[in-house]
Amino acid sequence: MPPSAPVPSRPLVRDRSADERRTAGLLDAARAASGTRVLAVRADAAPVRGDALVGVPVSALNEVLEWAFLGRGPAGEAVLLAVVPDEADIALPPDAAWSRLREIGGDLVESDASILRTAVALAGWLRDAPFCPACGTRTLIRDAGWARHCPGCGREHFPRTDPAVIVLVVSEDGGRVLLGANAAWGGARYSCFAGFAEAGESLEEAVAREVAEEANVVLRDVEYRGSQVWPYPRSLMLGFRARVEHDADAREDGEEIVEVRWFTRDELGAAMRGESGLQLPGPASIARRLIDDWYEETR
């Protein structure tokens with residue numbers, strides 16, 4: 001008999017059910033329900049088996065810093081986020097292991113990758129921002145983990161998202177791309193240029209400024225290419241592609257970027273196949289998506 005087809009992974013969360021978040025007592029009711037599943041997040045790691053997130057029962061958790069409602073699973077069961085301490089020891093289901101978003105994000109089925117990015121970002125806010133930034137009073141959790149109320153001054157607070165830009169720089173003739181080696185990586189990995197948008201600055205202005213500062217080139221034809229949640233700790237990366245005015249002007253700033261280099265499509269292809277020492281961004285990153293898109297378009 002031919003081998004049976006593999007059973008496709010079911011997403012941990014089928015419906016984010018945002019309209020339920022204001023239901024009174026939602027978290028308490030979900031924790032008490034026998035079918036509830038929990039996505040435990042420890043720093044930026046969660047239990048993973050193969051290409052899918054693994055939920056655990058509420059009973060498996062003995063220390064939780066904060067709870068939040070992530071939505072409903074395939075059978076309509078509640079799915080909760082449990083923010084656990086970094087040293088938490090949780091009995092995981094067989095063959096499951098703690099995996100970091102940076103390492104596993106590119107291998108997960110997209111529905112699970114999306115909910116893990118959300119969970120890591122929300123967990124960071126719940127863990128790191130318990131006090132009102134206006135008056136210093138400890139806030140109260142509202143909307144099933146998605147808002148905070150300050151009993152001191154009455155303000156409402158929500159998870160922050162900081163816009164950041166990332167750009168793939170293409171040569172004048174379109175045949176090469178300019179990548180930079182960041183000092184934080186020891187100069188071993190080459191990637192796109194990125195930075196946070198400053199107050200009062202448009203995204204296009206942020207792209208031009210960052211690349212001018214880091215690589216000394218002037219850009220034209222700045223084109224938006226897509227976005228990616230990047231919860232380190234709360235960024236939204238907005239991806240662009242642009243051409244340079246003059247290839248020869250490229251020069252690293254010597255501080256944040258220790259080297260800039262032009263790469264041909266063949267050089268990138270060799271790196272993707274593991275045939276060279278060039279290290280590129282990981283598959284879970286928008287930087288790699290920008291590079292891969294250009295590579296495929298020039299085939």
(message) Going by salt bridge (Lys or Arg N to Asp or Glu O under 4.0 Å), name the residues that satisfy it together with Arg176, two or more places apart in sequence or in a different chain.
(response)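 In terms of salt bridge (Lys or Arg N to Asp or Glu O under 4.0 Å), with neighbours along the sequence ignored, Arg176 is linked to Asp247.
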Between the side chains of [Y] and [X], is the shortest nitrogen-to-carboxylate-oxygen separation below 4.0 Å, so that they form an ion pair?
| X | Y | result |
| --- | --- | --- |
| Arg251 | Asp249 | no |
| Glu297 | Arg225 | yes |
| Arg289 | Asp292 | no |
| Glu201 | Arg209 | yes |
| Asp86 | Arg42 | no |
| Asp15 | Arg72 | no |

(message) Before you tell me yes or no, could you show the steps for Thr264 and Asp266 under side chain to side chain donor-acceptor pair (under 3.5 Å), namely the whole-Å CA-CA distance, both residues' side-chain angles and the distance that decides it to 0.1 Å?
(response) CA-CA 5 Å; Thr264 65; Asp266 288 343; 5.3 Å; no
(message) On a heavy-atom basis, which atom in Ile90 and which in Ala60 lie closest, and how many Å separate them?
(response) CG2-O, 3.8 Å
(request) Would you mind listing every side chain to side chain donor-acceptor pair (under 3.5 Å) that reaches into residues 115-129, with sequence neighbours excluded? (result)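 Output for this query lists Arg16-Thr118, Glu110-Arg117.
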(request) Kindly indicate whether the side chain of Val41, heavy atoms from C-beta on, has any atom under 4.5 Å from the side chain of Trp98. (result) no
(message) Taking ring-ring contact (aromatic ring centres under 6.0 Å, His included) as the cut-off, I'd like each qualifying pair that reaches into residues 146-204, sequence neighbours left out, listed once.
(response)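 Checked against ring-ring contact (aromatic ring centres under 6.0 Å, His included) - neighbours excluded - the pairs reaching residues 146-204 are Tyr190-Phe263.
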(message) A cation-pi test, strictly: NZ or CZ of Arg265 under 6.0 Å from the centre of the six-membered ring of Tyr295 and no more than 45 degrees from its axis. Yes or no?
(response) yes
